[in-house]
Number of protein chains: 2
Amino acid sequence: MSAKFPDLNLDKQLCFSLYAASRQVTRLYQPLLKRHDLTYPQYIVLLILWQTDGLMVKDIGHQSQLKSNTLTPLLKRLEQSGLVSRKRAKEDERQCYVFLTDRGKALENECACIPMEMMGQTDMSLDKLMQLKSLLDEFLQLQEKHGG
Amino acid sequence: MSAKFPDLNLDKQLCFSLYAASRQVTRLYQPLLKRHDLTYPQYIVLLILWQTDGLMVKDIGHQSQLKSNTLTPLLKRLEQSGLVSRKRAKEDERQCYVFLTDRGKALENECACIPMEMMGQTDMSLDKLMQLKSLLDEFLQLQEKHGG
DNA sequence: CTAGATTTAATCGTGTGCGATTTAAATGGT
DNA sequence: ACCATTTAAATCGCACACGATTAAATCTAG
């Protein structure tokens, strides 16, 4: 069966490996994030805001590659949780700025241990993890050139 | 800001790169799969069944790392589309076998061009793609040992 | 032989992802 | 100044993902 298209097996496995690995990482983060009542995508958005506070939804979208249809509800939940506040831009009412609240800023320190704990959950060497990141980033950059 | 925990930036970026790359691949597949009215997870499940027809939900779950709470509705949709049929096992009524219909089997040929078309959508070398797959699989294997 | 543990799917609730559309605001060419 | 176009965010609908629970069948220890 699978030998019918022998050349195509690599691709099949690569797309699946990526899909499975991504979900596996999400699953690893979940118990750590649950302690702060965060989901993984919410944590990603916070990582972006911890780097640069006061971004517009558009900017968060560009960095996360998520559109407003995903971000708007997610940001509303973060607002409900008291971690961010959203303010319409005076100079352009279409735009919406997102600011960390004090609680949102404080959460950065509370989450500081998470990456280290994650590191401890894989036996892969730092070298290979960096290699992996490098290949993924190269793929993403090539894609950005193509797809806009 | 981001220099506050300099050691942790790698991890942050790795988890995000993986997350972004996985969604990017899904987005690349979507227009190709839409021609056959398939979603990406449905395609993954079909890839598994094209390799081995007549698996139980449990087996598909083990290979895809998806649980019944995701697979049951997905398989019902594939059944609605006339691509698979589900039959309870006579010898153990808890189990549910999943078989490809003739249309489901025929779809394998129709989808044969997809991996090649995907290949054409990235400028990354075959060598690097294989390297990427290899690293992802190593990560997944290490995880399987740990988490069961 | 049977009560309790285990296994397998299915169900439920919440939160993404994303294509498509909508709404409102700003822009730009005439 | 006016209207078509563009832009930013929000809304809508659908299909995942997944933790938690449920239901039913099977297994197992006593």
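Every chain is numbered from 1, with letters handed out A, B, ... down the list of sequences. Since the structure is predicted, the reported quantities are computational estimates derived from the model, not experimental observations.
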Look at A/Q30 and D/dG19 and indicate whether a side-chain polar atom (N or O) is within less than 4.0 Å of OP1 or OP2. yes
At under 4.0 Å, does any side-chain N or O of B/K67 touch on OP1 or OP2 of D/dC18? no
Rounded to the nearest angstrom, tell me the gap between atom [atom1] in [X] and atom [atom2] in [N].
X: A/Q95; N: C/dA25; atom1: CD; atom2: P; answer: 13 Å
X: A/H62; N: D/dA8; atom1: NE2; atom2: P; answer: 11 Å
X: A/I60; N: D/dA10; atom1: CD1; atom2: C1'; answer: 15 Å
X: B/L71; N: C/dT8; atom1: CG; atom2: C1'; answer: 12 Å
X: B/Y43; N: D/dC16; atom1: OH; atom2: P; answer: 15 Å
X: B/D59; N: C/dA9; atom1: CG; atom2: C1'; answer: 13 Å
X: A/K58; N: C/dA24; atom1: NZ; atom2: P; answer: 21 Å
X: A/Q65; N: C/dC18; atom1: CD; atom2: P; answer: 9 Å

Report yes if some heavy atom in the side chain of A/F139 is under 4.5 Å from a heavy atom in the side chain of B/V25; otherwise report no. yes
Between the protein and nucleotides 15-17 of chain C, which nitrogen or oxygen pairs come in under 3.5 angstrom?
from	atom 1	to	atom 2	distance (Å)
C/dT16	OP1	A/T39	OG1	2.5
C/dT16	OP2	A/Q42	NE2	2.6
C/dT16	OP2	A/R77	NH1	3.0
C/dT16	O5'	A/R77	NH1	3.3
C/dG17	OP2	B/Y19	OH	2.2

Nearest heavy atom decides the nucleotide; on that basis, is A/Q24 or A/M56 closer to the 5' end of DNA chain D? A/M56
Drop me the distance from B/M118's CE to B/L32's CG, to the nearest 0.5 angstrom. 6.5 Å
Write down the protein N/O and nucleotide N/O pairs, taken from nucleotides 23-29 of chain D, whose separation is under 3.5 Å; answer none if there are no such pairs.
from	atom 1	to	atom 2	distance (Å)
D/dT26	OP1	B/E93	N	3.4

Mark yes or no for whether A/T26, through its side chain, and A/S22, through its backbone, hold a donor-acceptor pair below 3.5 Å. yes
Can you check whether B/E93's main-chain N or O pairs, donor with acceptor, with B/R88's side chain at less than 3.5 Å? yes
Does B/S68 make a side-chain donor-acceptor contact with the base of C/dA10, cut-off 3.5 Å? yes
Cluster overlap A/M130 with A/L18, hydrophobic side-chain contacts below 4.5 Å: yes
Apply side-chain contact (heavy atoms from CB on, under 4.5 Å) to B/Q65 and list each qualifying residue two or more places apart in sequence or on a separate chain. A/R23, A/R27
What pairs meet the side-chain hydrogen bond (donor to acceptor under 3.5 Å, both in side chains) rule with one or both residues in residues 67-81 of chain B, with sequence neighbours excluded? B/E79-B/R86
Under the ring pair (Phe, Tyr, Trp, His ring centres under 6.0 Å) rule, what pairs show up with a residue in residues 20-41 of chain B, not counting sequence neighbours? A/Y19-B/Y40, B/Y29-B/Y40, B/Y29-B/Y43
Can you name the residues that form a side-chain hydrogen bond (donor to acceptor under 3.5 Å, both in side chains) with A/D53, not counting sequence neighbours? none
